[in-house]
Amino acid sequence: LLYNARYAVEDLAGQLLEQAAERVRQQVDAVLQVARGQGAANAGLIESGAVAFDDHEKMTELFLAALRAQPSLSYLSLGLDDGRYWHVYRSPQDEISVEWLLPNDRGGFDLVDYHPRDDGTLEEIFRVADTKRTPPSERPYYKAAVEARRSTWPETYIFLGAAGAFVFPGVTRATPERDESGRIRGVLTADFDLLALSRYLQGVRVGDRGLAFVLEERGDGSRRVIAHPDATGKLALTEPSPDGQGSEALPADRVDDLRVRGLLGHLPRRDGELAGRFSPVRFEAQGVTYLGGWQALGGEDLPPWRIAMLVPESEVLGRVN
């Protein structure tokens with residue numbers, strides 16, 4: 001009787017974890033779809049001639065309208081191969097700013113930030129003359145789009161926020177922009193920050209003491225926890241980069257959550273995994289037994305992410321025990 005009861009409850013727990021994973025997958029997919037759609041729309045406007053690819057003022061108007069209409073987006077940008085760059089950025093406090101990186105008459109570039117006024121004009125709030133900021137062609141999203149030669153999902157990286165500062169990790173939909181000969185002359189992006197996804201996970205209930213997190217599988221075989229319910233407060237998912245230029249994502253096996261590390265020890269590599277299928281697992285961390293599992297996003301044109309769930313076994317099997 002005890003064995004049958006344990007089996008039934010464990011099976012029920014697996015179903016509940018799978019349902020929670022599916023809810024998170026749908027939320028993630030919805031956000032990715034917004035970025036995918038906006039990136040295609042921006043590219044289409046340039047291709048149709050509705051806006052010139054190098055008209056930073058007109059492009060800024062377009063980006064502002066789109067960002068205000070899509071609250072899940074954090075960034076819209078265009079970087080050109082000659083070093084010019086402009087973006088519209090929404091901070092975690094929901095404040096929108098504009099940044100332009102434009103050539104000056106001294107042979108360098110000026111970095112200028114603006115606050116968009118209600119009347120459509122821009123108020124200058126920050127300026128660096130002859131900035132040494134990294135040109136767009138050397139940023140991760142630009143290199144990924146040039147290599148893919150199509151719209152792609154680069155690995156997560158640390159975004160540049162207002163005043164040219166590195167701020168928080170995010171995901172980019174990068175779309176190459178070509179001239180008439182097919183040469184890539186710039187890259188468009190539609191982006192969202194991963195802190196927003198972490199905030200969403202705070203509201204995902206996995207029992208009373210369980211949690212959900214999102215894992216990224218990188219091309220070099222490493223893993224990164226890119227969203228976690230504690231990431232907006234006590235849990236660090238980034239560390240200073242070795243070159244001193246802002247931050248980089250922390251390897252998953254160094255995240256200061258032993259429950260996450262315990263589950264990671266049971267995850268196989270992505271190769272050969274059945275996309276979209278929930279895989280349950282039982283593991284221990286700090287003397288506590290957990291029930292957990294993971295599910296890849298599944299489908300085409302999606303980043304290599306997995307949604308993971310865990311909950312203490314005692315919470316599920318308490319009455320049976």
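One is the number of the first residue; the rest follow in order along the sequence.
When the side chain to side chain contact (heavy atoms under 4.5 Å, CB included) test is applied to Ser48, the partners found at least two apart in sequence or on another chain are Ala50. Listed by chain and number, the residues in a side-chain hydrogen bond (donor to acceptor under 3.5 Å, both in side chains) with Glu95 amount to none (sequence neighbours excluded). In this structure Thr156 satisfies the side chain to side chain contact (heavy atoms under 4.5 Å, CB included) test together with Val171, Leu194, Glu216, Arg218, Ile226, Trp305, sequence neighbours excluded.
Under the 4.5 Å side-chain contact rule for hydrophobic residues, Leu78 and Ile96 share a cluster. Using a 4.5 Å cut-off between side-chain heavy atoms of Ile, Leu, Val, Met, Phe, Trp and Tyr, with links allowed through other members, Leu263 and Val288 fall into the same hydrophobic cluster.
Between Asp113 and Tyr89, every side-chain heavy-atom pair lies at or beyond the 4.5 Å cut-off. Annotation: side chain of Tyr114 is not in contact with side chain of Pro116 (no heavy-atom distance under 4.5 Å).
Sorted by first and then second residue, the salt bridge (charged side-chain N to carboxylate O under 4.0 Å, His left out) pairs with a member in residues 69-81 read Asp81-Arg183; sequence neighbours excluded. Under the side chain to side chain donor-acceptor pair (under 3.5 Å) criterion, the residue pairs touching residues 54-70 are Thr60-Trp100, with sequence neighbours excluded. Contacts classified as side chain to side chain donor-acceptor pair (under 3.5 Å) and involving residues 141-152 (residues at least two apart or in different chains) are given here: Ser151-Thr175.
In the model, Arg199 has no side-chain atom that pairs as donor or acceptor with a side-chain atom of Gln202 under 3.5 Å. Residues Glu22 and Gln26 bring a donor and an acceptor atom of their side chains to less than 3.5 Å of each other. With 3.5 Å as the limit, one finds a donor-acceptor pair spanning the side chains of Asn42 and Gln38.
The aromatic rings of Phe213 and His228 sit parallel to each other, their planes meeting at less than 30°, with 60° as the upper class boundary.
Remark: the backbone N or O of Gln93 is paired with a side-chain donor or acceptor of Ser91 at under 3.5 angstrom.
Applying the 6.0 Å contact sphere to CG of Asp301 captures more than 12 heavy atoms from other residues, nucleotides or ligands. Within a 6.0 Å radius of CG in Asp119, more than 12 heavy atoms belonging to other residues, nucleotides or ligands are found.
Remark: Arg139 is not positioned above the aromatic ring of Tyr85, lacking an NZ or CZ atom under 6.0 angstrom from the ring centre and at most 45 degrees off the axis.
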Are Arg84 and Asp82 close enough, and set up right, to give a salt bridge (charged side-chain N to carboxylate O under 4.0 Å, His left out), and what steps lead you there? CA-CA 6 Å; Arg84 288 177 290 172; Asp82 62 7; 2.8 Å; yes
Could you go step by step and tell me if Arg127 and Asp110 meet the salt bridge (charged side-chain N to carboxylate O under 4.0 Å, His left out) rule? CA-CA 7 Å; Arg127 174 181 290 267; Asp110 291 346; 3.7 Å; yes
